[in-house]
Novice: 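Attaching a single structure in structure tokens format; questions to follow.
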Amino acid sequence: MSKPTDLVQGTLDLLILKIVALEPMHGWAIARRIRQMSDDVLRVGQSALYPALHKLEQQGWIEAEWKVSENNRRAKYYSLTRAGRHALAKEAEQWERLSAAISLIVSRA
Amino acid sequence: MGAPVRGHFPDREPRVRRWLGRLRLRARSLFLSARVEQELDDELRYHLDREIEEGRAAGLAPDEARITALRALGAVSQSMEECRDMRGVSFVEHRIQDLRFALRQLRKHPAFAATAVVMLALGLSANVAIFGFVDAALVRPLPYEDPARLVTAFATRPEKAPVQVRGNVSYQDLLDWREQSRSFSSIGAYDVRPGFTLMTPEGPLRVPGLSVTAGFFRTLGVTPVLGREFQRDEEGPAAPPTVMLSYATWQIRFGARPDVLGSILTLQGEPHVVIGVLPREFHFTMAQQAAFWTAIRGRQYCWEHRGCRSLETVARLAPGVSPEAAAANLTTVIRDVRGRYPDSHRDPETAKLVPLREVMLGDIRPVLLALLSGAGLLLLIACINMVSLLLARSDSRSREIGLRSALGASLTRLVAQFATEALVLVAIGSALGLVLAALGMQSLGRLLTPDMISRMPYLQGAGLNLRLLAFSGGIALVAALVLTLAPLARLSMSERLAGLREGSRGTSGTTWRRFGAYLVMAELGIALVLLVSAGLLGKSFHRLLHVDVGINAQDLTLVGVQPLAGQTSERPGVLARQVAERVASVPGVQAVGYADLIPLSGGLAPTSVFRKDGSPDEHLDDYPVRRVSAGYFAALQARLLRGREFTEEEVASSRNVVIINDTAAQRYLSGEDPIGKAIVIGAPPAREIVGVVADLKDGPLETPALPAAYLPFDQSGFALVVRVSGQDPELVPSLARAIREVRPGLLIDGQTTMAERIDQQPSASRHRSSAWLAGGFAAVAFVLSVVGLYGVVAYSVGQRSREIAVRMALGAQRRSVYRLVLGEAARLVGAGTALGIVCSLAAAHLMRRLLFGVQSGDAATLAGAAAVLVVSALLASYVPARRAASVDPIEALRAE
């Protein structure tokens with residue numbers, strides 16, 4: 001990946017699901033966590049993040065709740081639903097297969 | 001990457017929950033939109049605040065932190081819009097927004113909205129109204145079972161004169177046809193002379209009616225609602241008289257009594273037993289809305305003689321038999337009959353089959369199709385004008401649209417916006433158009449004369465129905481599509497952005513101006529086509545009304561007289577002479593004559609064979625034969641070219657004399673003096689020609705003169721032609737009184753004037769209605785196209801006002817401004833007119849069958865229409881030219 005913010009299409013959903021699986025989290029925290037966990041390689045702008053969050057919520061894979069945040073303000077916290085957990089498992093498996101297949105080709109070539 | 005990323009559901013229970021959750025979310029977004037919007041705002045604001053905080057924690061100044069955060073955030077409104085899209089409800093929401101916006105736009109520009117709506121309504125209503133009649137006449141099936149298999153079969157000589165479309169068949173021949181032909185599942189026939197005399201308590205009454213053979217209704221597949229149809233043993237002069245009633249007669253005259261069967265009616269002086277009632281929807285065009293149907297009982301002569309061809313057939317093709325095969329089969333039958341009866345079948349004939357639908361529709365089909373094309377052209381003009389309007393407006397909206405796309409409106413969203421505006425316009429226009437169409441059909445219905453309705457009963461059924469609604473829906477859809485695509489074509493992506501640039505107003509119009517110019521050229525061309533067509537039809541109508549009928553129609557009153565059975569015990573013709581003598585003594589009457597059929601009686605029947613005496617094998621043709629009184633031509637003021645009229649003595653003694661018309665004299669005796677020569681009319685003996693009269697119109701107005709023969713009158717029923725002096729309203733009743741004085745109870749069968757009769761000729765009515773309708777279309781098209789031209793020129797002037805101001809500031813004269821604007825308009829008008837002339841010639845050629853007495857390339861009509869269009873178009877462009885020339889250059893430049 002040449003630009004750190006470029007994400008393979010569809011993988012942002014997987015990352016979000018993975019991260020909110022750990023604990024309920026608001027958008028900004030999710031973006032920060034993705035950056036931290038990828039050692040600053042992946043940076044998700046809000047222009048991609050929030051539409052993705054709303055779409056996942058619409059799909060019923062995550063649900064939102066307004067809670068008081070760590071800095072004492074109201075923030076919208078997203079958490080994984082049961083359906084989202086199943087979807088995460090599936091997507092993660094897909095991703096494993098896909099990335100393994102890609103690295104197989106890349107390393108062999 | 002082929003692997004799908006989502007779309008798998010682990011088990012049912014969460015699936016249901018998910019659906020419920022989704023539904024809840026959608027409902028929330030839809031109904032609590034303000035709150036959801038607020039939440040979205042809060043969420044993004046929270047994100048921004050955290051970014052700023054982080055920046056400050058990293059040691060940035062507050063302002064700097066804020067700017068960095070904002071930069072990182074990107075286009076907020078765009079991602080908010082995306083968030084809304086992701087919520088999915090935005091579709092409904094957007095449509096509602098678009099609708100509100102469209103309505104607001106239309107309210108803000110009422111002139112634009114009203115013009116667009118009115119144009120569409122005009123175009124649509126003209127089309128729907130005409131289509132209503134096309135539907136009634138050409139689309140809707142005849143009220144018979146499987147009407148496509150029904151034909152009229154007749155025997156014809158291939159070289160027979162084209163004016164007589166359908167030949168008739170004699171009763172005895174019909175029996176042979178029925179017997180021997182294998183290609184028809186059944187053959188019925190009807191007598192070509194309709195109408196009966198019904199005895200009522202108030203006296204004798206002429207009623208519409210038809211005599212038919214047994215099996216006539218079975219052939220059509222019509223089952224009586226009450227009783228039964230005629231049987232074989234009810235045909236013939238000796239059979240017991242029976243009658244069937246039309247549904248309307250049963251309802252009105254018999255109060256829909258179920259016990260009407262078995263009642264006795266006196267028709268033609270004989271008691272008839274009612275045996276059946278026909279269904280409500282049944283109609284038979286050739287029967288002039290017959291109220292009474294009797295079995296063919298026939299005049300004795302016609303019953304036995306194969307030469308009396310008084311019947312027309314209705315036949316149903318047997319299953320699996322093609323019309324060609326049936327015609328071939330019937331031709332063998334006809335040859336066989338001729339072989340057995342050579343005396344009554346002198347000429348070899350072949351069978352011809354014509355679909356019943358064609359026989360019934362007659363000549364209305366090309367008229368309707370031409371009118372529908374006219375309405376289509378009108379719609380085209382209306383659409384072009386609407387497109388021009390929208391284009392002009394989208395041009396002035398390009399800033400607004402540029403702004404909206406900069407604020408995050410996607411192309412799809414803009415398309416949706418255009419589509420919504422188009423749909424709103426089209427919906428209002430169509431609704432109005434349908435109302436106009438319904439009204440239009442009503443008033444068109446009033447344009448139909450009673451005579452036309454009786455000949456074309458199916459036209460009464462014209463009205464709004466599902467097919468019509470589907471038709472108008474189709475038009476509306478196409479209009480909506482055109483109106484959506486037009487502004488889109490105009491606004492390519494780059495132009496959307498260009499619209500924001502300062503001062504871009506002046507340049508962006510060039511492309512559109514060129515396109516608009518093409519549209520106006522097309523419009524002017526179409527308008528010219530309609531103007532020329534209307535002109536040609538109007539001229540045809542005028543020519544038709546002023547066709548030389550060979551008589552002086554002024555002050556000529558016509559009275560039909562029918563004696564009842566038992567009133568003609570004396571020799572035929574005596575009664576007529578007595579009546580004529582009595583009428584001649586009425587004050588105000590100048591001349592009286594009588595004939596079995598007066599001029600312009602519509603049909604050509606009865607016809608006879610003309611032969612020169614001494615050349616029995618030289619067959620000539622079937623042509624009209626009339627039986628006339630002494631003094632008939634004098635009363636008509638027809639021109640006797642040679643010889644004399646019949647004398648009273650010749651008529652009284654039915655002498656073998658004949659008067660022929662000019663055409664007959666030229667065809668059969670060219671170069672000879674016909675007077676004193678012998679000619680055979682129908683059966684021998686030969687008759688001596690005593691006079692030659694200038695051609696009278698015996699048939700329809702538009703048919704060319706045929707050879708005709710006039711024999712001494714020897715009939716019982718007759719029509720009086722009475723030349724009166726001036727318009728005395730008291731005269732007509734006194735004529736009736738005089739006639740009844742001769743014989744009380746004589747049936748006076750229709751009374752009219754010759755001028756009325758000419759005016760009400762079916763062909764005159766047809767020409768009149770098509771001329772009026774085409775004229776209406778042309779007028780509307782003319783106005784629309786001139787308005788369209790005005791719009792384009794005015795718009796162009798508006799666009800170039802800066803250029804014009806600069807020119808004037810630099811010293812250009814007003815005259816040169818006029819030249820500039822009018823020159824542009826003249827180029828448009830010139831090109832449009834040239835295009836129109838070419839198309840008009842083609843269109844006129846297509847409709848040449850509808851014309852009478854006018855060439856399709858009639859130069860006067862073409863030049864007149866073009867002149868009207870050019871002059872009005874230039875006048876329309878003069879208005880904006882004047883405005884441009886009177887511009888104050890300082891003002892115009894300052895306004896920019």
Novice: Sort B/Glu54 into side chain, backbone, both or neither according to what part of it lies under 4.5 angstrom from a heavy atom of chain A.
Specialist: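 When you check distances to chain A, only side chain atoms of B/Glu54 fall under 4.5 Å.
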Novice: Check whether more than 12 heavy atoms from other residues, nucleotides or ligands sit under 6.0 Å from atom CZ of A/Arg35, and answer yes or no.
Specialist: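 Yes.
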Novice: Under a 4.0 Å threshold between the charged nitrogen and the carboxylate oxygen, would B/Glu39 count as salt-bridged to B/Arg45?
Specialist: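 Looking at B/Glu39 together with B/Arg45, the answer is no, because their closest N to O distance does not fall below 4.0 Å.
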Novice: Chain B: which of A/Ala29, A/Ala31, A/Ala64, A/Ser69 shares the most heavy-atom pairs with it under 4.5 Å?
Specialist: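 Going by pairs under 4.5 Å, I would pick A/Ser69.
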Novice: Report yes or no: does A/Thr81 contribute a side-chain atom to a donor-acceptor pair with the main-chain N or O of A/Gly60 at less than 3.5 Å?
Specialist: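 The answer is yes, because a donor-acceptor pair under 3.5 Å joins these two groups.
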Novice: Please identify each residue that fulfils side chain to side chain contact (heavy atoms under 4.5 Å, CB included) with B/Val482, with sequence neighbours left out.
Specialist: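 Side chain to side chain contact (heavy atoms under 4.5 Å, CB included) list for B/Val482, sorted by chain: B/Val387, B/Val478.
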Novice: Below 4.5 Å from any heavy atom of chain B, which atoms of A/Arg32 appear? Answer side chain, backbone, both or neither.
Specialist: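 Side chain only.
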